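Only one structure is covered here, and it is reproduced in the block below.
The structure displayed is predicted, hence computed values, not measured ones.
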Amino acid sequence: MSLSERVPARLRVTQCNSSTTAARRLISLRDAALSASQHGWPVLPGSVWRQSRYYNAITNASTNGLTPVVPRQHATVDRQQVRAWWATLPHAVLLVVGKAFDVISVPMSWGISAAKHSKFRQDPAPVIVTPDRMAHFLVATPATLNVELSRWPQAVLARPLTVVPSPPTHMDGNLVKWWVAPNRTDWTPGDPAIVQHVLVATASRGAAKGVNASAPSDQHPQTRGRTSRKP
């Protein structure tokens, strides 16, 4: 039985009150948040893209980019809270890094090349691709960048409490998508060693070149710019 089937149809109809596109979108966002929480992935409601800007759907105030609309320490897998957050408001669905999984992010062209590697196909990890042309590999925690991958400044290991948008969130007016859906891995994060192996292998074949930098760097990964942990 799918998650949408487990959410009572009467509840969805009375809360959305129509079968409009907006109502269907609210249902799909809520189902995505519920599905993540059901599998132990903490979620947060995020700001909504509307008319070329991001807004807090609760206050209707504009926000500085795609960001949580409640404090990050409130991230939860509690289904009652998740249902309450998405009862009537089409919040973005944000996954929180550091507890259920870590995230290694690379430019999308490099990530797609890595995802086609035979070793990755045998033991895949969930992969999100975002409209800013980045690929985000969800891997088991705790993860650290190995020496080989850390030499590539395009590869970034997300810090704890970083948020990653989950499909079907809109980011900059376009949909966030799964490149490798989590049901392909039984909602299990990937092996960090395998993910990094295929990233290094494809980088050495040129997949990482021409994006932000054309060669490895000796810069220590902890000195790279990363997403702020503040809401």
Side-chain angles (χ1 to χ4, degrees), residues 2-7 11-12 15-16 21-50 53-60 63-103 105 108 125-132 134-139 158 160-185 187-189 227-231:
S2 70
L3 182 63
S4 60
E5 290 173 321
R6 288 196 296 272
V7 178
L11 177 63
R12 286 189 264 126
Q15 288 180 338
C16 299
T21 299
R24 290 193 298 270
R25 173 150 182 79
L26 172 58
I27 292 168
S28 66
L29 287 163
R30 184 170 63 231
D31 284 356
L34 283 168
S35 188
S37 65
Q38 176 189 5
H39 290 91
W41 292 10
V43 299
L44 282 173
S47 49
V48 177
W49 178 264
R50 187 174 74 241
R53 298 192 67 178
Y54 286 102
Y55 289 86
N56 182 324
I58 300 171
T59 65
N60 209 37
T63 64
N64 184 21
L66 179 56
T67 187
V69 297
V70 299
R72 297 186 188 214
Q73 60 267 31
H74 291 176
T76 187
V77 296
D78 181 81
R79 292 171 64 80
Q80 184 175 356
Q81 179 61 74
V82 172
R83 283 195 179 98
W85 278 335
W86 277 273
T88 58
L89 297 175
H91 301 293
V93 179
L94 302 180
L95 305 176
V96 182
V97 175
K99 184 175 180 181
F101 54 81
D102 281 335
V103 171
S105 300
M108 185 167 66
V127 182
I128 294 170
V129 291
T130 47
D132 57 354
M134 295 295 292
H136 308 277
F137 290 77
L138 278 59
V139 299
L161 293 185
T162 297
V163 293
V164 178
S166 175
T169 292
H170 271 92
M171 180 179 176
D172 299 335
N174 295 293
L175 273 175
V176 175
K177 299 179 180 180
W178 290 108
W179 186 261
V180 178
N183 57 14
R184 280 189 55 191
T185 71
W187 288 82
T188 301
T227 303
S228 170
R229 293 170 55 176
K230 298 180 180 179

Go through the structure and list residues passing side chain to side chain contact (heavy atoms under 4.5 Å, CB included) with Ala125, not counting sequence neighbours. Phe120, Val195
Donor-acceptor contact present, side-chain Arg30 to main-chain Val82, <3.5 Å: no
For Ser166, check side chain to side chain donor-acceptor pair (under 3.5 Å) against everything at least two apart and list the hits. none
Taken in chain and number order and not counting sequence neighbours, the residues that satisfy side chain to side chain contact (heavy atoms under 4.5 Å, CB included) with Pro131 are Met171, Asn174, Val176
Non-hydrogen side-chain atoms of Val97 and Asp102 separated by less than 4.5 Å: yes
For Leu89, which residues count as a side chain to side chain contact (heavy atoms under 4.5 Å, CB included) partner, sequence neighbours excluded? Ala57, Ile58, His91
Test item: side-chain donor near acceptor, Asn64 and Tyr54, under 3.5 Å: no
Could you tell me the separation between the CD atom of Gln80 and the CH2 atom of Trp85, rounded to the nearest 0.5 Å? 12.0 Å
Does some side-chain heavy atom of Val48 sit less than 4.5 Å from a side-chain heavy atom of Val69? no
Where the side chain of Ser47 meets the backbone of Thr67, is there a donor-acceptor pair that is under 3.5 Å apart? yes
Can you find a heavy atom in the side chain of Arg50 that is under 4.5 Å from one in the side chain of Asn60? yes
Please give me the minimum heavy-atom distance between Pro126 and Pro189, naming the atom from each residue. CD-CA, 4.1 Å
Within the structure provided, determine whether Val43 and Val77 are in side-chain contact (heavy-atom separation under 4.5 Å). no
Ile128 side chain near Leu95 side chain, heavy-atom distance below 4.5 Å: yes
Are any non-hydrogen side-chain atoms of Val103 and Val139 less than 4.5 angstrom apart? no
Residue set satisfying side chain to side chain contact (heavy atoms under 4.5 Å, CB included) with Lys177, at least two apart, ordered chain then number -> Val129, Leu175
Using ring pair (Phe, Tyr, Trp, His ring centres under 6.0 Å) as the criterion, list what pairs up with Trp41, not counting sequence neighbours. Phe101, Trp187
Are Asp78 and Ser37 close enough that some pair of their side-chain heavy atoms sits under 4.5 Å apart? no
Would you indicate whether the side-chain heavy atoms of Phe137 and Ser105 approach each other to under 4.5 Å? no
